[in-house]
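Given the structure is predicted, the values throughout are model-derived calculations rather than measurements.
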Amino acid sequence: MLRPDRYSSQKAADRDGGAGSDRGSGPRDGSSGRRVLVFFPTYNEAGNVERLIREIRHYLPGASILVVDDASPDGTGAILDRLATELSDLEIVHRPGKLGLGSAHKLAMLRARDEGFDALVTMDADFSHHPRYLPEMLSMLESADFVTGSRYTGGGKSDQVLSRTLISRTANLFAKAALGLPLEENTTMFRGFTAELLRRLDFDALQSEGYSFAVESLNLVAHATDKLAEFPIHFENRTSGASKISRKEILRAVLTIERLGVQRLLGKSGVPRTAPRAAVACVVCGGTYHAEVYPARDDSAGMSASDISPYSCATHSSRTHGQILKCLRCGLVFMRPKLSSDALVGEYQDAVDPVYLEHIQARETTFRENLRAVQKYIRRSDRVLEVGSYCGAFLRVAKDAGFDVTGLEPSAWAAEASRSVTDAPVVCGTLDDLPPDLRAFDVVVAWDVLEHFADPVAELRKIAALLPEGGTLLFSTLMIDNWFPKLAGRYWPWLMDMHLFYFTEETIRNVLRETGFELVDEGKYTHVVTLEYLLGKLGTLGVPLAEAAAKTVEGRPFARAEIPFRFGDIKYFVCRKVDTAPRSAARPILEKPLSASAR
């Protein structure tokens with residue numbers, strides 16, 4: 001570790017009037033001709049952002065500035081947009097909600113790495129890290145890979161109240177002891193990185209999204225380089241706004257340190273797990289910077305030759321899936337696609353699924369339960385289209401309830417199988433294949449379909465085109481922010497090749513807004529399965545004794561006993577079409593490269 005000795009630190013303090021002084025009045029750019037990116041995230045910082053940006057430009061006039069705002073309700077975003085029109089080399093990323101401090105920092109780190117910057121400086125927006133320290137940080141980055149401003153090294157000080165100081169100091173000492181970190185300051189985000197260091201970091205190894213990202217990212221840095229340094233700063237209390245750190249975030253930070261400490265004891269920390277991959281654009285916002293939620297899983301070698309297609313609805317082939325990513329700009333969770341859109345449609349067109357037909361009674365029970373929950377939003381006179389009607393279970397239930405319903409199904413086998421279940425008409429194909437006389441409906445239903453589309457935003461726009469103003473969309477989909485997937489982790493049973501998207505409360509609303517729909521109602525979707533099917537599914541997931549139990553109940557009368565599930569990880573949504581105007585195409589995460597004028 002590189003660290004300035006007590007003499008050089010004290011000399012700097014004497015020269016600049018102490019750790020809490022203004023360190024001179026004129027601008028001093030310590031970048032030495034390097035391309036520097038200064039980043040800070042914002043949430044309700046309307047009282048600070050303009051002064052902070054102008055101070056940064058004062059002390060580092062040649063630097064570019066990146067700000068990520070998480071939909072601040074206090075007008076921070078509008079202030080930032082105004083400043084971006086006045087000032088060059090200032091870029092603003094607006095996110096649709098609070099997606100986490102850590103995810104914002106990861107976005108900036110990836111941005112600095114990929115856009116050819118020589119150095120990245122990160123800081124808070126509340127003036128606890130004053131811009132007067134920026135030249136010194138940049139100067140130290142000439143000999144170190146990583147530099148942090150420190151309250152706890154010699155000459156540093158903090159204005160925090162005693163209780164906050166005790167919490168902070170304890171967290172820093174705990175992190176240092178548990179992880180073997182060489183610095184005194186481990187939790188601040190006032191940091192400098194060289195481009196060489198950023199290129200060596202395995203960003204997929206970072207799991208934290210909140211304040212615990214500070215410790216986890218520093219732990220990653222410490223495994224990538226021993227050229228770390230810190231210098232004393234005066235950590236000042238914010239002059240405007242309120243602190244956002246909560247007790248929950250403090251607990252998460254403690255748990256993160258414990259997790260990393262266990263990994264250290266097991267010798268598993270600091271080892272890159274993934275190779276660089278080509279960028280993939282988010283279908284909602286166009287962003288190309290993503291965080292890994294789960295690595296790809298391929299257990300196909302252990303699957304029997306009789307396993308059915310992973311693109312069949314009753315598949316037990318859920319051991320495999322691609323890399324699961326989370327967009328750092330809008331929060332959408334999706335699987336890195338294995339297939340092109342055309343190839344994916346081809347898989348569904350060729351799907352054959354006799355297991356589904358064997359258990360179709362449970363499917364019909366599923367649809368009766370959910371139709372009962374949303375039936376008040378459908379009139380007897382409405383023309384209803386079900387997208388993804390598969391073997392006709394919902395078509396039969398809806399027709400029996402007296403509704404005028406038509407099915408749309410890409411699988412030729414499933415469309416043919418519908419004829420043995422119901423006499424409701426079925427079009428074999430996709431939304432693009434609907435004939436001209438079937439392009440106007442009052443209600444569109446899409447049960448468990450949205451997560452299968454290669455581009456759900458584009459498909460929802462096609463659905464909107466079929467509906468009149470005020471028309472109704474009913475659908476269900478997977479919700480990854482529910483308690484069950486959080487508890488199950490990478491063993492959540494809905495992680496599989498056929499599921500390309502996993503929504504949160506925030507992202508599903510964002511998608512609906514983008515496609516011209518207003519949310520009217522929502523609730524837990526009821527999923528009914530037979531005991532036999534459930535045990536087979538659990539066996540596929542590796543649950544102990546499940547396979548043996550499945551063989552025991554096979555052929556017995558109670559094997560077809562129906563078991564309902566309403567965990568909330570699948571939800572139904574009732575939406576109304578409110579906007580007939582065409583939406584603009586998704587824009588990239590930033591409309592122009594930072595420091596374009598310097599290239």
Flag, side chain of [X] to backbone of [Y], donor-acceptor distance under 3.5 Å:
{"X": "T148", "Y": "E230", "value": "no"}
{"X": "S103", "Y": "L99", "value": "yes"}
{"X": "T507", "Y": "F503", "value": "no"}
{"X": "S476", "Y": "Y572", "value": "no"}
{"X": "N186", "Y": "A175", "value": "no"}
{"X": "T515", "Y": "V511", "value": "yes"}
{"X": "S217", "Y": "F213", "value": "yes"}
{"X": "S150", "Y": "Y152", "value": "yes"}

Please walk me through it: do R200 and E196 pass salt bridge (Lys or Arg N to Asp or Glu O under 4.0 Å)? CA-CA 7 Å; R200 291 200 299 270; E196 291 79 9; over 6 Å; no
Students often mix this up, so state it plainly: with edges at 30° and 60°, are the rings of F146 and F193 parallel, tilted or perpendicular? perpendicular
Parallel, tilted or perpendicular: which describes the rings of Y502 and H499, with under 30° parallel and over 60° perpendicular? perpendicular
About how many Å separate [atom2] of [Y] and [atom1] of [X], when rounded to the nearest 0.5 Å?
{"X": "L206", "Y": "M109", "atom1": "CG", "atom2": "CE", "result": "6.5 Å"}
{"X": "L90", "Y": "L80", "atom1": "CG", "atom2": "CG", "result": "7.0 Å"}
{"X": "L512", "Y": "L460", "atom1": "CG", "atom2": "CG", "result": "7.0 Å"}
{"X": "D114", "Y": "R199", "atom1": "CG", "atom2": "CZ", "result": "10.0 Å"}
{"X": "Y289", "Y": "L110", "atom1": "OH", "atom2": "CG", "result": "7.0 Å"}
{"X": "H234", "Y": "H130", "atom1": "NE2", "atom2": "NE2", "result": "10.5 Å"}

Option from V574, T472, L473 for which side-chain contact (heavy atoms from CB on, under 4.5 Å) with F517 holds: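 By the side-chain contact (heavy atoms from CB on, under 4.5 Å) criterion, F517 pairs with just one of V574, T472, L473: L473.
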Partner of F40 under side-chain contact (heavy atoms from CB on, under 4.5 Å), chosen from L66, V68, I53: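 The passing option is I53.
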Whether the [X] and [Y] side chains hold a donor-acceptor pair (N or O, under 3.5 Å, no angle test) is what I'd like checked.
{"X": "T225", "Y": "D145", "answer": "yes"}
{"X": "H129", "Y": "T188", "answer": "yes"}
{"X": "T42", "Y": "D69", "answer": "yes"}
{"X": "S340", "Y": "D342", "answer": "no"}
{"X": "T477", "Y": "E451", "answer": "yes"}

I'd like to know if [X] and [Y] make a salt bridge, using a cut-off of under 4.0 Å between side-chain N and carboxylate O.
{"X": "E518", "Y": "K577", "result": "no"}
{"X": "E86", "Y": "R54", "result": "yes"}
{"X": "R95", "Y": "D70", "result": "yes"}

Give the intermediate values and the outcome of side chain to side chain contact (heavy atoms under 4.5 Å, CB included) for residues V93 and R329. CA-CA 8 Å; V93 173; R329 186 189 187 280; 3.9 Å; yes
Identify the two heavy atoms, one from [X] and one from [Y], that lie closest to each other, and give their separation to 0.1 Å.
{"X": "F39", "Y": "A108", "answer": "CG-CB, 3.4 Å"}
{"X": "H290", "Y": "C327", "answer": "ND1-CA, 3.4 Å"}
{"X": "F501", "Y": "F453", "answer": "CE1-O, 3.1 Å"}
{"X": "P485", "Y": "D569", "answer": "CD-CB, 3.8 Å"}
{"X": "C282", "Y": "L332", "answer": "SG-CD2, 3.9 Å"}
{"X": "L325", "Y": "E292", "answer": "CD2-CA, 3.9 Å"}

How far apart are the C-alpha atoms of E216 and N219, what are their side-chain angles, what is the distance that settles it, and do they pass the side-chain hydrogen bond (donor to acceptor under 3.5 Å, both in side chains) test? CA-CA 5 Å; E216 185 170 24; N219 183 63; over 6 Å; no
Pairwise side-chain contact, [X] with [Y], heavy-atom cut-off 4.5 Å (strictly under):
{"X": "L37", "Y": "V121", "result": "no"}
{"X": "M123", "Y": "V38", "result": "yes"}
{"X": "D124", "Y": "F190", "result": "no"}
{"X": "V147", "Y": "R191", "result": "no"}
{"X": "I92", "Y": "H94", "result": "yes"}
{"X": "D126", "Y": "E45", "result": "yes"}
{"X": "K571", "Y": "E505", "result": "yes"}
{"X": "R509", "Y": "E522", "result": "yes"}

Start with the C-alpha distance between V67 and I65, add both sets of side-chain angles, then the distance that settles side chain to side chain contact (heavy atoms under 4.5 Å, CB included), and finish with yes or no. CA-CA 7 Å; V67 185; I65 302 173; 4.1 Å; yes
Does the structure place the NZ or CZ of [X] under 6.0 Å from the centre of the six-membered ring of [Y], at an angle of no more than 45° from the ring's axis?
{"X": "K98", "Y": "Y43", "value": "yes"}
{"X": "R132", "Y": "Y59", "value": "no"}
{"X": "R151", "Y": "F235", "value": "yes"}

Between R34 and E142, does a side chain to side chain contact (heavy atoms under 4.5 Å, CB included) hold up when you go through it step by step? CA-CA 10 Å; R34 291 173 289 177; E142 293 179 3; 3.6 Å; yes
Run the side chain to side chain contact (heavy atoms under 4.5 Å, CB included) check on T122 and L120 step by step: do they pass? CA-CA 7 Å; T122 67; L120 167 71; 3.9 Å; yes
